[in-house]
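Working notes, structure below.
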Protein chains: 2
Amino acid sequence: MLLDLDEGHFRLPFPANQISLFCLVICEKDELLSSKSKATIADVARVAGVSTATAGRVLGGYGYTSEEKKAQVLKAAHDLGYRPNALARSLITGKTRTLGVVAGDIQNPFYASVIRGISNVADANGFGLLITNSDEIPAREIHAVELLAQKQVDGLIVTPIDTRKARHLFNLKAMGMPLVLIDRAVGGLMVDRVATDNVAAAEQAIRHLIGEGHRLIGIVAELVDENFMSLDDFVAHAIAGDPIESETLYPSWQRLLGYIRAHRIAGLTVHPRLIMRAGSYSAQAAEAAVPPVMTSPNRPTALFTTDGTMSEGTMRALTTLKLSAPEDLSLVCFDDLDWMSFLRPGITTISQPRLAMGEAAARMLLERVRGADYPSRTVLMPAELIERGSVSRI
Amino acid sequence: MLLDLDEGHFRLPFPANQISLFCLVICEKDELLSSKSKATIADVARVAGVSTATAGRVLGGYGYTSEEKKAQVLKAAHDLGYRPNALARSLITGKTRTLGVVAGDIQNPFYASVIRGISNVADANGFGLLITNSDEIPAREIHAVELLAQKQVDGLIVTPIDTRKARHLFNLKAMGMPLVLIDRAVGGLMVDRVATDNVAAAEQAIRHLIGEGHRLIGIVAELVDENFMSLDDFVAHAIAGDPIESETLYPSWQRLLGYIRAHRIAGLTVHPRLIMRAGSYSAQAAEAAVPPVMTSPNRPTALFTTDGTMSEGTMRALTTLKLSAPEDLSLVCFDDLDWMSFLRPGITTISQPRLAMGEAAARMLLERVRGADYPSRTVLMPAELIERGSVSRI
DNA sequence: TCTTTTGGCGAGAACGTTCTCACATATCAG
DNA sequence: CTGATATGTGAGAACGTTCTCGCCAAAAGA
């Protein structure tokens with residue numbers, strides 16, 4: 001019967017109204033049903049009086065369709081409140097239009113901004129974002145990656161925790177999964193990467209302090225112990241000017257390297273006792289590392305913190321020690337957090353383009369998802385020294 | 001041939017080794033292939049010499065399987081590097097084990113924390129998180145909700161932008177989609193919700209200031225104009241003590257209500273000129289709203305800011321005005337941001353349990369996802385006044 | 001007039017799972 | 001020995017799309 005009507009409709013514009021009415025009846029009935037169980041392409045096709053193939057064509061926007069049938073299908077779809085099932089679509093196309101992100105901790109302003117950047121380009125391109133936190137725990141990273149892979153994300157953005165062992169990431173790459181690394185590199189893993197030029201940035205910060213006359217400069221850094229050599233050896237090598245493969249170093253080690261390099265260039269001696277090592281990625285650890293050095297007899301006249309978390313811990317420590325910049329000491333931080341600009345004398349800091357980093361990473365990833373296959377690229381973003389009031393001339 | 005082996009194996013334990021070897025050969029061959037195109041249940045079944053049904057049973061963990069076949073399948077799966085396709089699974093089960101979140105802006109510490117809370121319980125329960133930002137723009141919220149619905153999330157957590165018009169949310173609920181609201185309510189939409197008890201919290205803050213002797217207290221609030229009545233009318237009603245339906249009010253209006261209520265209870269007059277309205281959800285707007293009042297002849301002795309963004313803008317304004325708490329004025333903020341605790345005299349603030357709010361919301365949502373159908377609940381979280389050093393006695 | 005092309009359509013096979021059957025076999029009570 | 005129950009198993013139908021075919025017109029080229 002539906003077919004008959006359809007053929008009549010095909011020849012004459014006249015019975016179209018009947019069809020419309022007919023549709024409406026069906027729709028209203030179906031709508032009651034579908035208010036719970038949602039309408040499928042088959043339902044739309046039935047109501048519109050066409051095959052599922054045709055309905056699929058107009059709804060999916062592929063292949064040819066006449067204006068006539070197109071209108072019918074569209075109307076039916078609208079009446080039924082049809083909503084395409086992305087699952088079914090993805091299953092057959094093999095594309096989910098979803099990107100996976102495994103970050104350290106969304107609460108950390110660094111990750112929050114980076115993710116925001118990723119999000120910006122993702123949804124400008126109609127991609128969804130599946131986000132997980134690793135809390136810097138390798139097992140959690142592995143688990144997250146596995147989860148995202150099972151959910152068939154089109155690509156993955158990761159801030160890898162272990163720069164040496166990362167079997168899961170190598171596997172991923174071997175499986176052909178587009179992958180972009182942020183902030184950290186993994187030795188031997190040739191994939192796109194975006195990071196700050198940490199060595200240069202730290203060097204710039206220290207050079208600034210040296211330029212202002214400081215000779216005793218402390219550095220508070222996480223320096224988690226996952227390196228091939230001990231801190232002492234590392235420092236010794238760096239002071240000696242031995243070439244160090246800095247690419248796969250953890251950011252805090254890279255920044256320490258910049259710190260040492262600035263000293264070396266200026267002909268200053270590096271005092272290992274001024275290296276305040278938190279040992280873990282937490283403000284508490286930083287807060288604990290600062291007092292011993294800052295209450296010692298020959299305390300530094302300036303402090304350099306290597307990231308937002310260290311800055312926070314350091315600020316806490318300084319507050320309880322009743323030391324304030326720039327009167328009692330000079331301070332340069334890494335990463336520009338919102339409060340640094342409205343503290344009474346603003347805090348001089350190295351600002352990394354977090355948002356842009358996320359955006360760049362997402363853009364690179366999307367290129368890969370779309371099939372680009374040039375060799376893996378590393379984008380080193382420049383960081384900028386923002387002078388505010390926390391540094392005094394000595 | 002495979003069948004023969006299988007049957008032989010079925011009767012005697014002896015040929016099992018042959019099978020293993022046989023498997024290995026196949027595996028190695030397939031592994032080369034599958035390093036690119038991934039293995040499916042059918043592949044695993046073929047290698048293990050069982051039906052896809054059986055393979056599915058052991059891999060999916062449903063139905064009965066003998067230990068023997070189970071081991072074979074597991075081995076085959078391991079050798080092939082089998083990874084279940086969550087898409088296909090979800091398509092048939094109708095469950096994605098994925099939750100959708102549409103927040104204002106991940107970069108905002110409030111949302112970042114709330115999302116972290118959601119994330120905590122989500123991945124403790126094996127759920128993924130699809131996260132989007134609305135930037136407080138209704139069209140973007142609608143778009144995000146649609147995207148997430150198409151991706152078939154099992155449930156949705158939303159901070160609704162428009163508390164009056166929210167057709168998309170009503171639709172969602174009618175379709176049976178589990179839904180939890182955070183921070184804001186939608187008039188007439190009966191779904192679970194978690195929020196801070198804003199009126200009480202603000203009242204507590206103001207009462208504290210009044211207790212310290214302040215009589216001229218300014219409030220800086222966003223107070224976006226999407227209300228049924230004008231600010232003046234609202235204030236007039238509140239002062240008169242008229243009953244106001246505060247549930248569906250925007251948080252900043254609720255906090256203003258608490259501000260007024262505290263005045264009323266203490267018998268103090270509310271001066272409309274001390275209400276600094278930003279008019280939009282940005283630190284810049286707040287920064288602009290503060291100076292006119294703070295440079296006026298009869299300026300307030302205390303300030304209350306209604307959220308983190310307002311606090312930031314206010315701090316900026318105060319910094320440029322060279323006014324500092326508690327010397328030049330007293331200050332109570334809303335929402336405890338990290339810098340408030342390490343500013344020189346810490347900032348007294350109302351702390352809302354952001355993480356717990358996210359966790360509570362996610363837990364409620366999961367209950368709904370699992371089929372709980374008690375009437376909709378509203379969880380009002382208590383906020384806590386944290387006294388630090390930004391308030392002085394007058 | 002006879003091909004070829006082109007737009008337009010529907011049947012039906014994918015995609016990779018789960019799940020319902022029907023059917024075996026083993027165990028046990030009666 | 002009969003039937004009931006529990007445990008295994010495989011064939012094949014879902015799920016809701018996309019996509020490859022064929023088929024059929026009508027238009028166009030020869």
Side-chain angles (χ1 to χ4, degrees), chain A residues 2-3 6-7 9-11 34 37-73 76-77 80-97 149-152 154, chain B residues 2-3 6-7 9-11 34 37-73 76-77 80-97 149-152 154:
Chain A
L2 198 56
L3 267 175
D6 181 50
E7 286 186 4
H9 164 70
F10 196 84
R11 305 195 168 275
S34 80
S37 56
K38 33 256 178 186
T40 75
I41 270 200
D43 298 329
V44 173
R46 195 175 343 105
V47 171
V50 298
S51 71
T52 60
T54 302
R57 266 187 287 261
V58 7
L59 262 16
Y62 51 91
Y64 300 115
T65 25
S66 66
E67 288 305 314
E68 234 170 338
K69 306 239 168 188
K70 190 175 210 161
Q72 292 174 49
V73 171
L80 289 177
Y82 169 74
R83 172 149 44 210
N85 184 328
L87 248 44
R89 178 174 298 179
S90 295
L91 182 57
I92 198 163
T93 59
K95 307 263 142 225
T96 52
R97 294 191 81 79
Q150 288 191 7
K151 290 200 187 295
Q152 311 293 120
D154 289 339
Chain B
L2 200 56
L3 266 175
D6 182 50
E7 287 186 2
H9 162 69
F10 196 84
R11 304 201 168 273
S34 80
S37 56
K38 33 255 176 186
T40 74
I41 269 200
D43 298 328
V44 173
R46 197 177 338 108
V47 170
V50 299
S51 70
T52 61
T54 301
R57 265 187 288 260
V58 9
L59 262 16
Y62 50 92
Y64 300 114
T65 25
S66 66
E67 288 305 315
E68 233 169 340
K69 306 240 168 187
K70 191 174 210 162
Q72 292 174 49
V73 171
L80 289 177
Y82 169 75
R83 173 151 40 213
N85 184 329
L87 248 45
R89 178 175 296 179
S90 296
L91 182 57
I92 198 163
T93 59
K95 306 263 142 226
T96 52
R97 293 190 81 79
Q150 288 191 8
K151 290 200 188 294
Q152 311 294 122
D154 288 338

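We name chains A, B, ... by the order of the sequence lines, and we start the count at 1 in each one. All values below were derived from every heavy atom in this structure, side-chain atoms included, with hydrogens, water molecules and symmetry-related copies excluded.
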Out of dG16(D), dT18(C), dT18(D), whichever nucleotide has its closest atom nearest the side chain of Y62(A)
dT18(D)
What integer distance in Å separates K69(B):NZ from dG10(D):C1'?
9 Å
Separation of dT17(D) P from K151(B) NZ (nearest whole Å)
14 Å
P84(B) or R57(A): which one's nearest nucleotide on DNA chain C is closer to the 5' end?
R57(A)
Respond yes when some side-chain nitrogen or oxygen of T52(B) is under 4.0 Å from OP1 or OP2 of dA11(D), and no when none is.
no
Is there a side-chain polar atom (N or O) of T93(B) under 4.0 Å from OP1 or OP2 of dT18(C)?
no
Nearest-nucleotide pick for I92(A), side chain only, options being dC15(D), dA14(C), dC9(C)
dA14(C)
So, is Y64(B) close to the dC19(C) phosphate, meaning a side-chain N or O under 4.0 Å from OP1 or OP2?
no
Please determine whether a side-chain nitrogen or oxygen atom of S66(A) lies at a distance below 4.0 Å from atom OP1 or OP2 of dC9(C).
yes
Residue A53(B), side-chain atoms from C-beta onward, closest of dT17(C), dG16(C), dG12(D)
dG12(D)
Per N85(B) side chain, nearest of listed nucleotides dT9(D), dT17(C), dA11(C)
dT17(C)
Looking only at side-chain atoms of S51(A), point me to the closest of dG10(C), dG10(D), dG16(D).
dG10(C)
